[in-house]
2 protein chains.
Amino acid sequence: MNHKSTSPTISDVAAHAGVSIATVSRVLNGTVPVQAEKAERVREAMAELRFIPRPAARTLASRKTNTIGLVFSEIRGAFFPHLLKGIEAQLHEAGYELLVYSTHSDRPIKRKPIGEHNTDGLLVFTTSLEKEEIARLYKINFPMVLMHETPPAGMDIPVITVENKDGAAMLVNHLIEHGRRRIVFLRGPEGHEDSQWRERGYREALAAHNISFDETLVSSGKFDQETAYHSMQKIIQDGVDFDAVFAGDDDASIGVYRALKEARRLIPDDVAVVGFDDVEFARYISPPLTTIRAPIEEVGREAVRQLLALLNGEQVQSLVLKRTELVIRQSCGCG
Amino acid sequence: MNHKSTSPTISDVAAHAGVSIATVSRVLNGTVPVQAEKAERVREAMAELRFIPRPAARTLASRKTNTIGLVFSEIRGAFFPHLLKGIEAQLHEAGYELLVYSTHSDRPIKRKPIGEHNTDGLLVFTTSLEKEEIARLYKINFPMVLMHETPPAGMDIPVITVENKDGAAMLVNHLIEHGRRRIVFLRGPEGHEDSQWRERGYREALAAHNISFDETLVSSGKFDQETAYHSMQKIIQDGVDFDAVFAGDDDASIGVYRALKEARRLIPDDVAVVGFDDVEFARYISPPLTTIRAPIEEVGREAVRQLLALLNGEQVQSLVLKRTELVIRQSCGCG
DNA sequence: ACGCTTTCTGAAAGCGTTTTCAGATGAACC
DNA sequence: GGTTCATCTGAAAACGCTTTCAGAAAGCGT
């Protein structure tokens, strides 16, 4: 009788199936057993009416959004799609929606467009969220998982990241084992955790081979080519003696390549170069770059797994380190 | 008096400010003027209580989700981050949320986790949504904008894409003007619109120079290196005479490079190679790739603009073509 | 002073679900 | 056959907003 042009609601279904809306809700959610024959009638009615329950109404009534939020500060070139892919896939498998928020221009979020009101939990990539906001959410026990970032002191928030230290150590060990002794290291951005761990791996590998750490071989950078290019120029001009460069990451190694070529130093004959990340272009530059492959997509999936566990009140690991892998190509002088 | 641990609602604010909830709602939304002094009291109350309106409740009452959905089928390497960045930025500037959905493994969506119930509008990238679903949404007048895909016949849905044809023509013109006559063209996936337009550009450029189209110079592919590699191998083995390759896109040009190197044909001396997209690695491979730069981020922003216009009931253009730009590097033999 | 606007305000009715609560029904037991 | 239990069911009360509607207050012209 009613030709409301608006799409059907739960009570339309109830009427159509001759049951109460409570019953429809129950077969919808499977919360409580419903007499088989009625359940069937309800399912038929839902199909016939093409009923789609409104998420807003469900959320309001149940206080669950069925959505999780992803916060990141920058869509960093080759890195990001893999992460997003892993997150997206794992999340939709579990029937959750994904709300995406970026804090542009490296400036952390000011207002709060994503949070408790919006989502059931948050996936936070590196330093995209202010410490205070993280603390606030932590205090109200809001489910969160951090990626590539250790939580502020005293907060027990699960972290997923990759074996930066081991990766760096593998790289440096490899260089040393092939006779390189004076290895330049280009740091990442100030306070960047990945960078700190990589430096630690660098130092440990040196120590393991009784090579003393030399401050003049280390330079700060930002995991980008431009800074790396200038850093290398300076090191060369300063007449620093070196036979290898651990560029910090793959992007930086492009800058390193450029500086070395301009200075007419041959890669890998004069100088071996290694990166970190194994981004797409690493195999296409010449010479192809020896680097570390990090399972980024898997980081995304794992982060989702942990968050879902948190949502289900299960026990979670406070730290998951994904293994990295040495990818030997030509820039290190072997392979 | 009430120490409900749950976060404050609009009626808490109303009580705190000594007004009705209707008034609070009005200052929240600015729908109707409110006496200045009361408005101020309300604002103070909101700040003091740290009131955050629940989106679910708003959506339920107003029937607007304040969210738009992005549907795509694949996170295609270098392409996607730029698109996402543009969309994300423009959308959040306008105060909308972004719900992200990918139809994995090239299989269009089956159930419908994203749609009218979820969002106020949809951004659809290439063929990520089934024709029937698009038709259904179109029929109920649901706001949509397509990116890099023409709508099914008879549906007037705005499209944003790039000047594929012009770009391809620029590339081929450039090759011809530098003396190349036998130009191989590697197609993209069957039915892919970008590919079709590029082929048209290719043909028009040939025609403009009175070079007749030669079927043996054209091969089908998938915009990927593997297929491109095999296609090139075959062309070489077949003894086809050619002095240039328009690889279809940058990814494919990697495969072309490989096949040519194996066949000991020099780039660009023996064979000029050009790609399309100007992905990150294009400048780093050797020789650096001449290609077409497409303003992908701008496509994302424009798509959002059009969608918002649609939501506001404004007039929209049914087709926006973003200009492409020729980027000359070394693979074409000049520059 | 008197009506007539105009401007602002609060009560209350939704919005479409979930969830609680009390019953109804039938089975099982003694 | 009467209790007691276990199942299933519907009425109704939330959930936290927006929006309608009618009315109060204030301004204005005469």
Side-chain angles (χ1 to χ4, degrees), chain A residues 2 4-43 45-46 49-67 95 97 115-120, chain B residues 2 4-43 45-46 49-67 95 97 115-120:
Chain A
N2 50 352
K4 326 203 293 181
S5 75
T6 128
S7 46
T9 73
I10 198 173
S11 50
D12 294 329
V13 175
H16 201 269
V19 299
S20 72
I21 63 169
T23 297
V24 175
S25 173
R26 289 193 265 255
V27 348
L28 202 53
N29 300 292
T31 41
V32 150
V34 166
Q35 195 186 321
E37 182 227 352
K38 278 188 182 172
E40 193 45 42
R41 282 215 315 272
V42 169
R43 263 185 285 272
M46 292 199 298
L49 268 42
R50 296 176 197 288
F51 168 67
I52 307 175
R54 311 266 185 305
R58 294 181 127 191
T59 296
L60 186 57
S62 67
R63 307 172 135 295
K64 310 198 79 274
T65 63
N66 204 42
T67 298
E97 304 297 336
E116 333 93 84
H117 55 293
N118 248 354
T119 56
D120 293 341
Chain B
N2 50 353
K4 327 203 293 183
S5 73
T6 126
S7 46
T9 73
I10 197 174
S11 50
D12 294 329
V13 175
H16 201 270
V19 299
S20 73
I21 62 169
T23 298
V24 175
S25 172
R26 288 193 266 255
V27 349
L28 202 54
N29 300 293
T31 40
V32 149
V34 167
Q35 194 185 323
E37 182 225 353
K38 277 189 182 171
E40 192 45 41
R41 282 215 313 273
V42 169
R43 263 185 285 272
M46 292 199 299
L49 269 41
R50 297 176 195 289
F51 169 67
I52 307 175
R54 309 266 185 308
R58 296 182 126 190
T59 297
L60 186 57
S62 67
R63 306 171 135 295
K64 311 199 78 275
T65 63
N66 203 43
T67 297
E97 304 296 337
E116 334 92 83
H117 56 294
N118 249 352
T119 56
D120 294 341

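Letters A, B, ... mirror the listed sequences (proteins, then strands); counts begin at 1.
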- Task: Provide, to the nearest angstrom, the distance between the CD1 atom belonging to I10(A) and the C1' atom belonging to dT9(D).
- Result: 14 Å
- Message: I'd like to check S7(A) versus I52(A) (side-chain heavy atoms, cut-off strictly below 4.5 Å). Are they in contact?
- Response: no
- Item | Spacing between F51(B) atom CZ and dT18(D) atom C1', to the nearest angstrom | 12 Å
Could you list all N or O pairs between the protein and nucleotides 23-28 of chain C that sit under 3.5 Å apart?
none

- Task: Starting at atom CG of L49(A), determine the distance to atom P of dT17(C), rounded to an integer number of angstrom.
- Result: 12 Å
- Flag side-chain contact, heavy atom, 4.5 Å: T59(A) against N66(A): no
Using atom types as modelled, flag every donor-acceptor pair under 3.5 Å from a side chain in residues 33-40 of chain A to any protein atom, sequence neighbours excluded.
from, atom 1, to, atom 2, distance (Å)
E37(A), OE2, R41(A), NH1, 3.3

- Message: Rounding to an integer number of Å, can you tell me how far D12(A) CG sits from dT17(C) P?
- Response: 9 Å
- Using heavy atoms to find the nearest nucleotide of DNA chain C for R58(A) and V34(B) separately, return the residue whose nucleotide is more 5′. V34(B)
- Task: Take nucleotides 23-28 of chain D nucleotide by nucleotide from the 5' end and write B, S or -, depending on whether a protein heavy atom sits under 4.0 Å from the base, only from the sugar-phosphate, or from neither.
- Result: ------
- Message: Could you work out, with side chain to side chain contact (heavy atoms under 4.5 Å, CB included) as the rule, every residue matching A15(A), not counting sequence neighbours?
- Response: none
- Task: Write out all pairs satisfying salt bridge (charged side-chain N to carboxylate O under 4.0 Å, His left out) with one or both partners inside residues 15-36 of chain B, taking only residues at least two apart or from two chains.
- Result: none
- Query: When the distance from CG of N118(A) to C1' of dG16(D) is rounded to whole Å, what number comes out?
  - Reply: 15 Å
- Item | Distance below 4.0 Å between K38(B) side-chain N/O and dT9(C) OP1 or OP2 | yes
- Using a 4.5 Å cut-off on heavy atoms from C-beta on, say whether the side chain of P55(A) contacts that of H117(B). yes
- side chain to side chain contact (heavy atoms under 4.5 Å, CB included) partners for A57(B), two or more places apart: L60(A), R54(B)
- Query: Can you name the residues that form a side chain to side chain contact (heavy atoms under 4.5 Å, CB included) with L28(B), not counting sequence neighbours?
  - Reply: M46(B), F51(B), P53(B), R58(B)
- Note on the structure: On a heavy-atom basis, the closest approach of S20(A) and A14(A) is C-CB, 3.7 Å
- Round to the nearest Å and state the distance from L60(B) atom CG to dC15(C) atom P. 9 Å
- Given T119(B), N118(B), D120(B), the one that forms side chain to side chain donor-acceptor pair (under 3.5 Å) with T65(B): D120(B)
- Message: Taking 4.0 Å as the cut-off, does a side-chain nitrogen or oxygen of Q35(B) come that near to OP1 or OP2 on dT9(C)?
- Response: yes
- Residue-level proximity of residues 13-28 of chain B to DNA chain D when a heavy atom falls under 4.0 Å: I21(B), A22(B), S25(B), R26(B)
Considering only nitrogen or oxygen atoms on both sides, find all protein atoms under 3.5 Å from nucleotides 4-7 of chain D and state each distance.
none

- Please determine, for the side chain of R54(B), which listed nucleotide (dC17(D), dT9(C), dG16(C)) has the closest atom? dC17(D)
- Taking CG from N66(A) and P from dT17(C), how many angstroms apart are they, rounded to a whole number? 15 Å
- Nearest-angstrom distance from the residue atom CG of N29(A) to P of dT19(C): 7 Å
- Phosphate OP1/OP2 of dC15(C): any R63(B) side-chain N/O under 4.0 Å: no
- Who pairs with T67(B) by side-chain hydrogen bond (donor to acceptor under 3.5 Å, both in side chains), at least two apart in sequence or on another chain? none
- side chain to side chain contact (heavy atoms under 4.5 Å, CB included) involving S62(B) - partner list, sequence neighbours excluded: K64(B)
- Which angle, rounded to 10°, do you find between the first-five-pair axis and the last-five-pair axis of the helix from dA1(C)-dT30(D) to dC30(C)-dG1(D)? 40°
- Message: For V42(B) versus V19(B), what's the shortest heavy-atom pair and its separation?
- Response: CG2-CG2, 3.8 Å
